[in-house]
Amino acid sequence: MITTCQINKKRLWDSLMELGEIGADPAKPEEGVTRLSLSLEDLKAREFTINYMEKAGLEVRVDAVGNIIGKFAGKDPLAPIVIAGSHIDTVIQGGKFDGALGVFGAIEAVRSIKESGISLTHSIEVVSFTDEEGTRFGTGYIGSKAIVGCLEEETFQLTDDRGISYAEAFRQAQLNPALFKEAMRKKEDVKAYVELHIEQGRVLEDQDVAVGIVTDIQGPVWLEVTFQGFPDHAGATPMNMRRDAGLAMAELMLVVEEIAKKHNGVGTVGKMHVEPGGVNIIPGKSVLSIDLRHVDKNSRNEMIEELYQAISRINEKRDISASVEIKKQVDPTSCSPEVMELIEESCQELKVKAIRLQCGAGHDSLMMTKLTQMGMIFVRSKNGISHNPEEWTDKEDCMIGTQVLLNTLVKLAK
Ligand code: HGY
Ligand code: MN
Ligand code: MN
Ligand code: MN
């Protein structure tokens, strides 16, 4: 079924720019957008999203873990639903498009379908997932994990940098952590999941192509390593008598880079600190986050194995100890060939050049693939920049991506 239904470009762009003001200080554009999950800024953005979905004529509800769901009912209430979504929470000092385009593009696509009078067999639900990024509590994909049934109770004990637990943050957001299992959906109730997202890499721009059809998504592993050495006097302690947790951390950071390059994966240490943290105190303790990713599961596991070996070597050499906590471990996944095919067909109908490519970033799609057939539509990122205030996607690319999403949703829901 080829649809002639067109999105309303101005409406979409205005909504993206309005959302982009929430969590941003107009006097400090260099600080970008910060809407950490369930923070005041995120709660404001959630409010805006709920109102915007209602204005779009969707049936709106918030599920047990705060996923915001806007439904456009199909003719057959018993037919499995089609879901399109993404997230509105951001990293610290992020951009206006990461996640936001996927949510507001989906709202615009479904609203335009509804307004065009097309009647579809399957209902379509737009979902804005709670805490995709994991920046605040160090894990992420909370909303999509709950929907696919793999959110664990212990998650609610995690605390943010101010010591506020997830459970407390839920209660502050008028959510009851005890009810999280109610957000789960059944496989038979969902037909497919499609996510529109910015590429956050350079492939589309380098090949001067507006749209990407994602084939595979890297699986992130997030570890938190704590080295325990011995705090001591910076002046009076000879170099050969130190148990310096700070130097252990520094060594391990370089090992992360080495392992990632060796396996052609990626490795990042994004958060780190030493204690007690005095200029003239040898660090007794150090804590660092490690984000390892690879599109191949075996290579990813080898990277983890070599990391543990390096930690033991460093402990031995510096007479210190270490503990490792795995905060997130998601397997790499492939997208559904059927959904990729429908995205391809939509691009052809719209005479939009598209290429197939792998995805480096993580998305709720990594979770939704456990529930249903999944596909992702990418649009160009300027200079490949993301998780940075300079994150940008041209207006026309946002429109093309959203139109491809619309056509794909009509095919899936007819
Ligand atoms: O970490 C990621 O790849 C995503 O931005 N959550
Ligand atoms: Mn992100
Ligand atoms: Mn994202
Ligand atoms: Mn059908």
Side-chain angles (χ1 to χ4, degrees), residues 16 19-20 23 32-37 39 41-42 45 49 67 84-106 126-145 193-203 212 214 216-224 256 260 265-271 289-295 300 326-333 357-369 374-381 384-393 398 401 405:
L16 274 174
L19 176 73
V33 183
T34 301
R35 290 195 299 262
L36 301 190
S37 177
S39 65
E41 298 77 14
D42 184 39
T49 306
N67 292 316
S86 196
H87 60 96
I88 57 172
D89 66 302
T90 71
V91 293
I92 299 168
Q93 300 193 0
K96 287 189 165 68
F97 300 88
D98 176 359
L101 177 61
V103 174
F104 281 73
V126 177
V127 179
S128 174
F129 294 101
T130 296
D131 193 5
E132 185 276 341
E133 291 288 1
T135 304
R136 180 176 172 192
F137 294 95
T139 178
Y141 309 144
I142 298 305
S144 46
K145 271 187 178 173
Y193 172 73
V194 192
E195 181 164 355
L196 168 64
H197 205 284
I198 55 173
E199 179 199 341
Q200 301 176 300
R202 292 158 178 72
V203 173
V214 177
D216 307 90
I217 309 175
Q218 283 196 127
V221 179
W222 286 7
L223 308 104
E224 183 176 89
V256 166
V266 286
T268 312
V269 175
K271 284 183 85 172
S289 69
I290 298 175
D291 176 329
L292 289 178
R293 306 191 196 199
H294 204 290
V295 74
R300 199 269 318 268
I326 297 209
K327 297 278 200 178
K328 166 154 89 179
Q329 177 146 348
V330 181
D331 288 346
T333 190
L357 76 171
Q358 290 186 334
C359 166
H363 302 285
D364 289 304
S365 307
L366 283 164
M367 290 296 129
M368 293 303 282
T369 196
M374 171 277 288
M376 286 198 80
I377 301 163
F378 269 179
V379 289
R380 254 178 299 219
S381 288
I385 295 172
S386 182
H387 285 190
N388 176 313
E390 288 178 36
E391 177 186 283
W392 183 263
T393 293
C398 291
L405 176 66

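Both counts, for ligands and for their atoms, begin at 1 and track the order of listing.
- Among all heavy-atom pairs drawn from Ile88 and Ser128, the shortest one is CG1-OG, 3.6 Å.
- Every residue two or more places apart in sequence or in another chain that forms a ring pair (Phe, Tyr, Trp, His ring centres under 6.0 Å) with Phe137 is listed here: Tyr166.
- Residue Ile198 comes nearest to Leu101 through the heavy atom pair CG2-CD2, 4.2 Å, listed as atom of the first residue, atom of the second, then distance.
- Under 2.8 Å from the Mn ion (ligand 3), one finds the following protein N/O/S atoms: His87 NE2, Asp98 OD1, His197 NE2.
- For the ring pair (Phe, Tyr, Trp, His ring centres under 6.0 Å) test, residues two or more places apart in sequence or in another chain that qualify with His87 are His197.
- With no hydrogens or angles considered, no side-chain donor-acceptor pair links Glu199 and Ser381 at under 3.5 Å.
- A side chain to side chain contact (heavy atoms under 4.5 Å, CB included) with Met374 is found for exactly one of Thr333, Val214, Val194, namely Thr333.
- The immediate protein surroundings of ligand 1, defined as residues with any heavy atom under 4.0 Å of it, consist of Glu132, Glu133, Arg293, Ala361, Gly362, His387.
- Between the side chains of Glu391 and Ser386, at least one donor-acceptor pair of N or O atoms lies under 3.5 Å.
- Between Gly138 and Trp222, the shortest heavy-atom distance links the atoms O-CE3, 3.5 Å.
- The only member of Val269, Asp291, Thr268, Leu223 that meets side chain to side chain contact (heavy atoms under 4.5 Å, CB included) when paired with Val256 is Val269.
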